[in-house]
Number of protein chains: 2
Amino acid sequence: MYDANSLKAELNDRGWRLTPQRETILNVFIDLEKGKHLSAEDLDTLLQEQGKPISLSTIYRTVKLMARMGILRELELAEGHKHYELNQPYPHHHHHLICVKCNETIEFKSDAVLKIGSKTAKKLGFHLLDCQLSIHAICPQC
Amino acid sequence: MYDANSLKAELNDRGWRLTPQRETILNVFIDLEKGKHLSAEDLDTLLQEQGKPISLSTIYRTVKLMARMGILRELELAEGHKHYELNQPYPHHHHHLICVKCNETIEFKSDAVLKIGSKTAKKLGFHLLDCQLSIHAICPQC
DNA sequence: CTTTCTGCAAATAGTTTGCAGCCGA
DNA sequence: TCGGCTGCAAACTATTTGCAGAAAG
C-alpha cells in the first residue's frame, strides 16, 4: 500500500514530483470507504468540502497519472464518466458486476481471474497494471 | 448468431422495429474480420465507403441499443472513444489485453473467466449481457 | 394510422490544453 | 536554479438530444 514516502519515491524514479495536491488525492483514496469509488467531479466536491480544494484540471491530471502508474484503477461503472479507486493487490483485488439499467454495482473477488490475468500478461512479456473483470448485466429489479 | 430475422424477432419482442439502418449495421459487424472492432466514427466512414451512409446519430443510437440487447459488446480499448464488436458466445468469446501506452491490443480466450462471469451473474439473479476481462499493461516495446 | 425511427443541427458534458506564475528537487 | 506542476479559462470532441418528416407494424 502506498503512503507519501513510497509515492514520492515512485514519482521521483520517473522524473516526476511529489506535490501537496498529489499527496492529498492519494490520501483521499486511502481513506475512502471500502467499495467506494470516485469520479473526478466527486473528488472535486469532496476536496472542496474538506477545505482542501484542488483545481479540476489537476484532479484529472492526477488520477490519470496515478492510473498509468498502477496506483489507481480506472473503472467504467456508469456511462459518461470514469470512476477511480485504489488498485489494491491480492487479497483485496476485486471485480465488478454492473446493472446496465440502474448502475447498481456489486463487487466480487476471484483469485482465479487475477491469476489468469497475471499469467497472461507475463506470458506475453507485458508489465501488468490492472486486471478487471467487468460483468454487464441486468439486475433482478430491472 | 444473429441475422435479419432473429434481429427482427428480438427487436419486435421489445416493442422496437427492424429498420434498414439497423440491419445494415448488424451486417457490418457480422462481416467484420475476426479480431476487429469499430468506433462510431469508423462505422460512419465504412458505411460511407460502402455507399450505404447512415447518420452518425443513428449509428450512436444503434450501437448503444445493440449493446444493451447483448448483441454487441462495448469495448474501452483506447482513451476517449468506445469500440464495438459482435458479442459472440462460447467458444468465440474472448478478452483483451491492452498496452496503455501504445494501445496495442491482444485478444485471448479463457473458458474459466467466462464460467466465473456467468456463475456470478446467475448466483445474484442478474441477466448476463457481457463479461469481459480487461488487462491493462505495458507492452515489451513501451 | 399510430408510434417508433431517422437525419439534421444544435446542445451537452466530460475531459484536455495553453499559458503564466509557482515550487519541489 | 530549472523543469515540472498548478490553476484558470478556453478549447475540444465524443456523444446526446429536440424536432419534423419518413416509415415500420
Side-chain angles (χ1 to χ4, degrees), chain A residues 4-26 28 37-48 51-69 71-72 74-84 100 103, chain B residues 4-26 28 37-48 51-69 71-72 74-84 100 103:
Chain A
N5 286 331
S6 51
L7 177 63
K8 178 163 162 46
E10 184 123 358
L11 284 167
N12 291 352
D13 266 5
R14 315 190 186 199
W16 291 323
R17 295 173 180 177
L18 179 64
T19 62
Q21 290 86 342
R22 289 176 181 173
E23 196 177 336
T24 301
I25 289 176
L26 175 65
V28 167
H37 21 69
L38 304 173
S39 66
E41 285 292 343
D42 294 340
L43 251 177
D44 190 45
T45 307
L46 192 62
L47 289 165
Q48 217 124 45
K52 307 176 225 167
I54 296 178
S55 84
L56 197 49
S57 341
T58 297
I59 292 175
Y60 275 111
R61 283 186 281 232
T62 305
V63 292
K64 192 117 293 185
L65 176 69
M66 291 187 175
R68 293 211 185 118
M69 292 174 72
I71 297 175
L72 297 181
E74 200 168 59
L75 309 172
E76 179 94 16
L77 300 178
E79 296 281 307
H81 57 281
K82 302 197 166 89
H83 281 83
Y84 295 85
V100 298
N103 285 327
Chain B
N5 287 330
S6 51
L7 177 62
K8 179 164 163 44
E10 186 123 356
L11 285 166
N12 291 351
D13 266 6
R14 314 190 187 198
W16 292 323
R17 294 173 181 177
L18 178 64
T19 63
Q21 290 88 340
R22 289 177 180 172
E23 195 178 335
T24 300
I25 290 176
L26 175 64
V28 167
H37 22 68
L38 304 172
S39 67
E41 285 293 343
D42 294 338
L43 251 177
D44 190 43
T45 307
L46 191 63
L47 288 165
Q48 218 126 44
K52 306 177 226 169
I54 294 178
S55 86
L56 197 49
S57 341
T58 298
I59 292 175
Y60 274 110
R61 282 187 282 231
T62 304
V63 292
K64 192 118 292 182
L65 177 69
M66 290 186 176
R68 292 211 185 119
M69 290 175 72
I71 297 176
L72 297 180
E74 201 168 57
L75 310 173
E76 182 94 15
L77 301 178
E79 296 281 304
H81 56 281
K82 301 196 168 90
H83 281 84
Y84 295 86
V100 299
N103 284 329

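Each chain gets a letter, A, B and so on, in the order the sequences are listed, and its residues count up from 1.
Rounded to whole Å, the distance from CG on D44(B) to P on dG7(C) is 10 Å. Computed from coordinates, the E74(B) CD to dA14(D) C1' distance equals 12 Å when rounded to whole Å. Atom C1' of nucleotide dG24(C) and atom CG of D13(A) are separated by 16 Å, given to the nearest angstrom. Computed from coordinates, the I59(A) CD1 to dT6(D) C1' distance equals 12 Å when rounded to whole Å. Look at CZ on R68(B): it is 8 Å from P on dT16(D), rounded to the nearest Å. Atom CG of L56(A) and atom C1' of dG14(C) are 9 Å apart (whole Å). Note: CG (N12(A)) to C1' (dG4(D)) measures 11 Å, nearest angstrom. Between I54(A) atom CD1 and dC22(C) atom P there is a gap of 19 Å when expressed in whole angstrom units.
Under the 3.5 Å distance criterion, with hydrogens and angles disregarded, a donor-acceptor pair is assigned to the side chains of S39(B) and D42(B).
The side chain of T58(A) lies closest to dT6(D), out of dT6(C), dT6(D), dT15(C). The side chain of R17(A) approaches dG24(C) more closely than any other nucleotide in the set dG24(C), dA24(D), dG25(D). Of the candidates dT15(D), dT16(C), dG7(D), the closest approach to any side-chain atom of K82(B) belongs to dT15(D). When distances are taken from the side chain of P20(B) to each of dG14(C), dA24(D), dC8(C), the shortest belongs to dA24(D).
Base contact: S57(A) has a heavy atom under 4.0 Å from a base atom. Within 4.0 Å of R22(B), counting heavy atoms only, lie sugar-phosphate atoms of the nucleic acid but no base atom.
Looking at R22(A), its side chain does come within 3.5 Å of a backbone N or O of R17(A) through a donor-acceptor pair. Judged by distance alone, with hydrogens and angles left aside, the side-chain atoms of T62(B) form a donor-acceptor pair with the main-chain N or O of T58(B) at under 3.5 Å.
For the pair N103(A) and L77(A), the minimum side-chain heavy-atom distance is 4.5 Å or more.
Under the side chain to side chain contact (heavy atoms under 4.5 Å, CB included) test applied with Y84(B), the options M66(B), H37(B), E74(B) reduce to a single match, E74(B).
Contact of R61(B) with dT16(D) (side chain to base): no donor-acceptor pair of N or O atoms is detected under 3.5 Å.
Between Y60(B) and the phosphate of dT16(D), there is no side-chain N or O to OP1/OP2 separation shorter than 4.0 Å. When the side-chain nitrogen and oxygen atoms of T19(A) are compared with OP1 and OP2 of dG24(C), none of them lie within a distance under 4.0 Å. In this structure, K8(B) reaches the dG25(D) phosphate: one of its side-chain N or O atoms is under 4.0 Å from OP1 or OP2. One finds a side-chain N or O of K64(B) lying less than 4.0 angstrom from the OP1 or OP2 phosphate oxygen of dT16(D). Put simply, Q21(A) has a side-chain N or O that comes within less than 4.0 Å of OP1 or OP2 on dG7(D).
Mapping L65(B) and H81(A) onto DNA chain C via the closest heavy atom, the residue that lands nearer the 5' end is L65(B).
A distance of 13.5 Å separates CG in L72(B) from NE2 in H83(B), rounded to the nearest 0.5 Å.
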